[in-house]
Amino acid sequence: MEEDSNHLANPESPHSLEAETYEEEEGRDPESNSLRQPLLKRNRTLSSTPLALVGAKVSHIESLDYEINENDLFKHDWRRRSKVQVLQYIFLKWSLAFLVGLLTGLIATLINLAIENIAGYKLLAIVGFIEEGRYISGLIFFTGINFFLTLIAAVLCVCFAPTAAGPGIPEIKAYLNGVDTPNMFGATTLLVKIVGSIGAVSAGLDLGKEGPLVHIGSCIASLLAQGGPDNYRIKWRWLRYFNNDRDRRDIITCGSSSGVCAAFRAPVGGVLFALEEVATWWRSALLWRTFFSTAVVVVVLRAFIEICNSGKCGLFGTGGLIMFDVSDVKVSYQAMDVIPIIIIGIIGGLLGSLYNHVLHKVLRVYNLINHKGKMHKLLLALGVSLFTSVCQYCLPFLAQCRACDPSFPETCPTNDRSGNFKQFNCPDGYYNDLATLLLTTNDDAVRNIFSTNTTNEFHVTSILIFFALYCILGVITFGIAVPSGLFLPIILMGSGYGRLLSMAMGSYTNLDEGLFAVLGAASLMAGSMRMTVSLCVIFLELTNNLLLLPITMIVLLIAKTVGDCFNPSIYEIILELKGLPFLDANPEPWMRNLTVGELADVKPPVVTLCGVEKVSRIVDVLRNTTHNAFPIVDQGVPVPGMVATGATELHGLILRAHLVQALKKKWFLPEKRRTEEWEVREKFNWVELAERELKIEQVAVTRDEMEMYVDLHPLTNTTPFTVVESLSVAKALVLFRQVGLRHLLIVPKYQGAGVSLLT
């Protein structure tokens with residue numbers, strides 16, 4: 001039986017992910033749909049054609065062929081490979097890893113430069129309006145610029161590349177788990193992601209470029225591995241080595257880790273993020289290549305930072321890359337400091353799970369709005385932009401002006417685009433602490449609220465307004481039709497409640513308020529995203545202080561444990577909403593009580609082919625089934641070393657793509673016979689068999705050819721994974737996930753007359 005990994009992805013039942021949209025369910029209007037129902041209704045019959053929300057539409061999705069197809073052509077090519085070819089293959093893998101890191105670093109630098117300059121000139125213009133007392137004109141200008149930037153990002157995503165909206169990390173997780181998500185890594189998606197990220201972040205929306213950078217790195221990796229976009233693919237001979245799902249998966253893993261590294265300038269954190277969060281399959285060789293890619297990214301970023309520090313990058317200075325250096329701050333712990341650390345972790349877990357729950361409901365509402373058409377998507381994004389701009393501009397007027405302290409290490413007040421003491425509407429010698437946090441880029445806001453030795457800089461009312469605003473913006477901004485990341489919104493929310501908790505603790509703790517903000521951000525990220533090791537290293541590389549490591553570890557572990565008690569991580573919630581199949585690392589309890597044989601009983605009967613099959617039979621099977629592979633079963637085969645004849649042989653498994661290739665190549669025989677090894681090598685090569693794009697509808701077969709035969713033995717994978725029907729579904733899931741299977745053959749426990757060879 002052909003078993004698809006998608007069929008084991010639903011923890012509620014062993015049924016497939018065949019889905020229907022709201023409109024198809026009993027003819028109901030999408031507006032009348034209950035928010036408690038899933039975005040995609042799962043059909044309770046097993047099927048090999050699952051659907052999922054990819055971008056803006058419901059698309060057919062397939063599993064990926066990570067398993068090595070050991071047919072005669074592969075074995076022949078493997079035997080004849082020289083040491084030079086093997087070394088060439090290894091060298092090209094490292095070359096691609098280098099190019100992925102180089103291009104990701106360059107594009108990340110371009111994005112940072114564009115955002116810092118666009119946002120910087122916008123904020124300088126606002127300062128001019130404020131200094132002249134033209135507050136209404138400043139509001140109109142600020143809102144109009146942000147409206148225009150959001151419009152650019154939204155139009156690109158809605159009209160040209162819907163898959164570029166959002167962070168892209170859930171889809172990458174699904175791909176590396178074994179599900180091919182259509183159009184997620186195309187050239188158009190890459191370009192829209194870059195331009196859209198610049199527009200959305202420059203517009204001051206409560207979103208970050210970290211998630212989009214992960215997607216951008218993965219797109220770069222995918223395009224390099226396949227030789228460019230689908231319509232303009234380069235057919236270089238050396239690229240043939242990467243024309244398979246296994247190597248493409250490894251390159252995309254390098255791209256995702258490079259994206260995290262480019263976002264936080266955290267090479268080790270990027271590698272661990274790929275290992276802990278997105279990658280399903282891992283090995284030591286892949287670890288080295290991802291680390292090499294992130295090292296290249298860091299070198300590129302460091303080089304451009306040196307150039308920009310000399311003033312050659314416009315308004316790009318210390319901003320653009322979150323870097324909170326507390327290496328010169330003395331961090332000491334006492335026994336009583338354990339209590340606030342534990343409290344931060346508990347609150348982070350509670351708030352993180354609450355954020356996931358509320359965002360889950362908001363995304364369902366947004367789905368109903370998005371179903372109404374492109375115009376509603378644009379209006380939703382623009383409405384959020386207007387609300388954000390008005391709040392960021394008007395709320396600082398509620399804050400009281402605070403007198404500058406001569407002991408402040410920075411200039412106070414300042415009217416520059418960045419700085420900890422913005423004058424805004426205050427007289428000389430005073431600053432507006434809320435304007436310091438709101439009328440700036442998100443990166444500078446994080447830097448300001450993370451700043452140490454600033455116990456008296458922010459008033460509790462200003463921090464409370466900041467925290468409440470970003471809680472609201474963090475919920476309503478994610479899900480609109482622009483490229484968006486979750487890292488920065490969660491960091492802003494977490495740092496706000498960390499500061500508030502520090503102010504409430506007062507003299508009961510010796511920890512700095514800035515350190516409380518860092519721990520609050522870390523705890524909320526762990527409570528929402530449920531990552532620990534990678535987050536710990538990322539924050540360690542951000543803060544540049546090893547003394548923070550113990551308390552950061554404690555906070556992350558507590559926050560994740562508390563969050564796991566209530567709901568899954570935010571990325572798992574998004575995967576479920578989109579209907580993307582995902583094999584979890586741990587089997588569900590019910591899987592121990594169900595066998596693969598029982599699972600096979602509710603599927604349609606298995607479709608098998610003979611080793612030498614009639615063309616008409618192959619065409620009929622391809623046109624009337626959607627299976628990706630078919631078992632090859634021969635009858636009346638002599639058993640080697642035995643007198644008995646007439647045995648039934650399970651020769652192996654042949655892929656659908658290989659059957660289509662055989663029909664396209666017209667590899668037909670006038671009589672029913674097995675071919676010689678040299679005959680198949682004259683007609684096929686393993687590079688052609690790696691192609692997956694050809695469909696049966698594109699192949700024309702004449703009536704006379706229908707009566708001819710095809711020898712399928714040379715194209716058959718003779719070593720498919722095969723299990724007995726008594727195997728538990730839990731063990732099957734482990735096989736699918738750890739080995740990267742797409743197909744699993746199930747044989748009956750008992751053999752005899754009248755018993756089928758396959759179930």
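None of these values were measured; they are calculated from a predicted model. Atom set for the values below is all heavy atoms of this structure, side chains included, hydrogens, waters and symmetry mates excluded.
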Would you call [X] and [Y] a side-chain contact if the rule is heavy atoms closer than 4.5 Å?
X	Y	result
Phe458	Met503	yes
Val300	Thr104	no
Met184	His215	yes
Glu457	Ser451	yes
Ser495	Val446	no
Leu464	Tyr497	no
Val201	Leu149	no
Tyr571	Met529	yes

task: Could you give me the CA-CA distance, side-chain angles and deciding distance for Ser256 and Ser218, then say whether side-chain hydrogen bond (donor to acceptor under 3.5 Å, both in side chains) is met?
output: CA-CA 5 Å; Ser256 63; Ser218 300; 4.8 Å; no

message: In terms of relative ring orientation, are Tyr393 and Phe424 parallel, tilted or perpendicular, with 30° and 60° separating the classes?
response: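 The arrangement is perpendicular - the two ring planes meet at more than 60°.
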
Please name the pair of heavy atoms, one in [X] and one in [Y], separated by the smallest distance, quoted to 0.1 Å.
X	Y	value
Asn425	Cys401	OD1-SG, 4.4 Å
Leu378	Val155	CD2-N, 3.7 Å
Ala108	Ala262	CB-CB, 3.5 Å
Tyr470	Leu437	OH-O, 4.3 Å
Thr441	Leu123	N-CD1, 4.1 Å
Pro489	Asp206	CG-O, 3.2 Å

Given Tyr135, Phe141, Phe142, the one that forms ring pair (Phe, Tyr, Trp, His ring centres under 6.0 Å) with Phe129: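 By the ring pair (Phe, Tyr, Trp, His ring centres under 6.0 Å) criterion, Phe129 pairs with just one of Tyr135, Phe141, Phe142: Phe141.
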
Any luck finding a side-chain donor-acceptor pair between [X] and [Y] under 3.5 Å?
X	Y	value
Ser528	Asn356	yes
Thr294	Ser258	no
Gln392	Asn146	no

Side-chain donor or acceptor of Ser484 paired with backbone N/O of Ile480 under 3.5 Å: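 Looks like no, no N/O pair under 3.5 Å.
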
- prompt: So, the side chain of Ser523 versus the backbone of Gly520: is there a donor-acceptor pair under 3.5 Å, distance only?
  reply: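 It does hold such a pair.
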
message: Taking the basic N atoms (NZ, or NE/NH1/NH2) and the acidic carboxylate oxygens, is any pair closer than 4.0 Å for Glu277 and Lys173?
response: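 Yes, this pair counts.
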
message: Any salt bridge linking Asp433 with Lys422? Criterion: basic side-chain nitrogen under 4.0 Å from a carboxylate oxygen.
response: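 Salt bridge absent between Asp433 and Lys422.
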
- request: Check each of Leu207, Val362, Leu363 against Phe478 using the side chain to side chain contact (heavy atoms under 4.5 Å, CB included) test, and report the only one that passes.
  value: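 Single side chain to side chain contact (heavy atoms under 4.5 Å, CB included) partner of Phe478 among Leu207, Val362, Leu363: Leu363.
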
task: Assess the pair Tyr175 and Phe185: is the distance between their ring centroids shorter than 6.0 Å?
output: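 Between Phe185 and Tyr175, which both carry aromatic rings, the centre distance is below 6.0 Å.
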
